[in-house]
Amino acid sequence: MNFKLFVLNILLITALASCAPKQPGKHFFILSGQSNMARLNPDDTFTPAIEAEFGAENCIVVKDALGGQPIRRWYRDWKPKDGLEPKANPDLYDSLMVKVFAAIENEKVASVTFIWMQGERDAKEKHGEVYEASLQGLYEQLSTNLKRNDINFVIGRLSDYDMLNEKYQHWTMIRDIQVKVAESDARFEWINTDDLNDGLNNKGIEINNDLHMSVDGYKVMGERFAEKAIKLVMNK
């Protein structure tokens, strides 16, 4: 074989290899938080949207959430601003990770996206001054446990429920922190929920600027989470 033919063969092999179907693995989406995440049904709008983008066979979705819970139920190193109480009790993180590891056992994972809707309880208990460190710490904790440095992070910002901080004195503080954290890294995003807490709730009662979202609001929330998650996955 002469040199020119050898080069042509190498170029042909390279071209064929570049056209071969890639096997990047599956896209893994983890949803967690308190009541507004607990009431979100991913099957309504979130999962259909990501499956339409990536294919159902290429997506794994896990959700584990519980209403009325502070971030210290997830973040192991949580500490109050002053004193020793209350203490971190990351049992909800542990239960989440049981589901996470079961879902990806024997799976090749191409990307991980963590979707978080929480903060109401911390605003009520006035723990806003440690919320930024806790939110960043939770993300780093998950990254360490999954042994990845490329996890995407989508944060649902608290709604406009208590913009005067009358019932939840750290409400706007935590809203601002959520945006600050989300805008601190190219792998992070946030969604607006201010227009999702009006309308009919799951009992058919009319709500306005409620603590929780309306029935339609949860569907839009799922769409917005999916939109941001897809954007982050595609930008890898």
Side-chain angles (χ1 to χ4, degrees), residues 14-34 36-66 71 73-76 90-118 135-157 178 181-182 184-191 193 218-236:
T14 302
L16 289 173
S18 66
C19 295
K22 297 179 180 179
Q23 301 295 330
K26 297 184 179 181
H27 301 294
F28 187 31
F29 302 89
I30 304 169
L31 294 83
S32 195
Q34 58 178 110
N36 276 316
M37 181 61 83
R39 297 184 182 200
L40 173 70
N41 182 358
D43 293 338
D44 284 341
T45 55
F46 177 81
T47 302
I50 62 167
E51 289 182 347
E53 182 68 36
F54 302 116
E57 71 280 6
N58 297 318
C59 298
I60 303 172
V61 177
V62 164
K63 190 190 94 167
D64 192 74
L66 185 63
I71 199 169
R73 297 286 300 276
W74 286 269
Y75 180 43
R76 297 187 186 284
D91 57 324
L92 293 182
Y93 182 79
D94 293 340
S95 64
L96 171 65
M97 295 308 289
V98 168
K99 290 185 178 181
V100 163
F101 285 118
I104 59 175
E105 186 177 7
N106 301 320
E107 296 282 5
K108 184 176 180 181
V109 178
S111 71
V112 177
T113 303
F114 182 42
I115 301 171
W116 180 250
M117 185 72 226
Q118 190 275 340
L135 195 54
Q136 289 277 13
L138 176 60
Y139 172 81
E140 292 164 6
Q141 177 179 290
L142 180 65
S143 298
T144 298
N145 291 158
L146 293 183
K147 299 179 180 178
R148 298 187 72 109
N149 61 4
D150 62 348
I151 295 179
N152 302 314
F153 194 15
V154 183
I155 301 167
R157 187 183 68 176
Q178 290 169 333
V181 171
S184 70
D185 193 295
R187 293 190 183 277
F188 298 0
E189 287 279 359
W190 65 279
I191 70 161
T193 66
Y218 284 113
K219 293 177 182 178
V220 176
M221 181 190 291
E223 292 172 353
R224 290 179 183 174
F225 276 139
E227 179 184 0
K228 295 294 187 177
I230 290 167
K231 175 185 174 183
L232 290 172
V233 172
M234 297 297 286
N235 284 346
K236 283 193 66 176

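What you see is a predicted model, and the numbers here were worked out from it, not measured in a lab.
The shortest heavy-atom contact between Pro42 and Pro48 is O-CD, 3.6 Å. Of all the heavy atoms in Ser32 and Trp74, the pair that sits closest is OG-NE1, 3.0 Å. Across all their heavy atoms, Gln136 and Ser184 have their closest contact at NE2-OG, 3.5 Å. Residues Phe188 and Val181 share a closest heavy-atom pair of CD2-O, 3.1 Å. Heavy atoms only, all atoms of each residue included: Pro24 and Ala110 are closest at O-CB, 3.0 Å. The minimum heavy-atom distance between Arg148 and Val109, with the atom names listed, is NH1-O, 3.2 Å.
The CG atom of Asn152 lies 12.0 Å from the CD1 atom of Ile230; values are rounded to the nearest 0.5 Å. Once rounded to the nearest 0.5 Å, the distance linking CD1 of Ile115 with CD1 of Ile155 reads 11.5 Å. Separating the NZ atom in Lys26 from the CD1 atom in Ile60 is a distance of 5.0 Å, to the nearest 0.5 Å. For the atom pair CD (Glu53) and NZ (Lys231), the distance works out to 14.0 Å, reported to the nearest 0.5 Å. Leu96 contributes atom CG, which lies 6.5 Å from atom CZ of Phe114 (distance to the nearest 0.5 angstrom). With rounding to the nearest 0.5 angstrom, the CG atom of Leu92 is 13.5 Å from the CE atom of Met97.
Between Trp116 and the options Ile71, Ile30, Leu31, Leu142, a side-chain contact (heavy atoms from CB on, under 4.5 Å) holds for only Ile71.
Not a single donor-acceptor pair under 3.5 Å links the side chain of Glu107 to the backbone N or O of Gly25. When atom types are taken as modelled, the side chain of Thr193 and the backbone of Arg157 share a donor-acceptor pair closer than 3.5 angstrom. A donor-acceptor pair under 3.5 Å is formed between the side chain of Lys63 and the backbone N or O of Leu40. Side-chain N or O atoms of Gln141 include one that pairs as donor or acceptor with a backbone N or O of Arg76 at under 3.5 Å.
With contacts defined as side-chain heavy-atom distances shorter than 4.5 Å, the pair Ile151/Arg187 does not qualify. By the 4.5 Å heavy-atom criterion applied to side chains, Tyr218 and Asn36 are counted as neighbours. The side-chain heavy atoms of Ile50 and Val233, taken from C-beta on, include no pair separated by under 4.5 Å. Using a 4.5 Å heavy-atom cutoff, the side chains of Phe153 and Leu232 are not in contact. The shortest side-chain heavy-atom distance between Leu146 and Val100 falls under the 4.5 Å cut-off.
Between the side chains of Tyr139 and Asp185, no donor-acceptor pair is found at a separation under 3.5 Å.
Ring-centre distance between Phe225 and Phe29: not below the 6.0 Å cut-off.
Using a 30° and 60° split on the angle between ring planes, Phe54 and His27 fall in the tilted class, from 30° to 60°.
In Asn149, the CG atom is not crowded: 12 or fewer heavy atoms of neighbouring residues, nucleotides or ligands sit closer than 6.0 Å.
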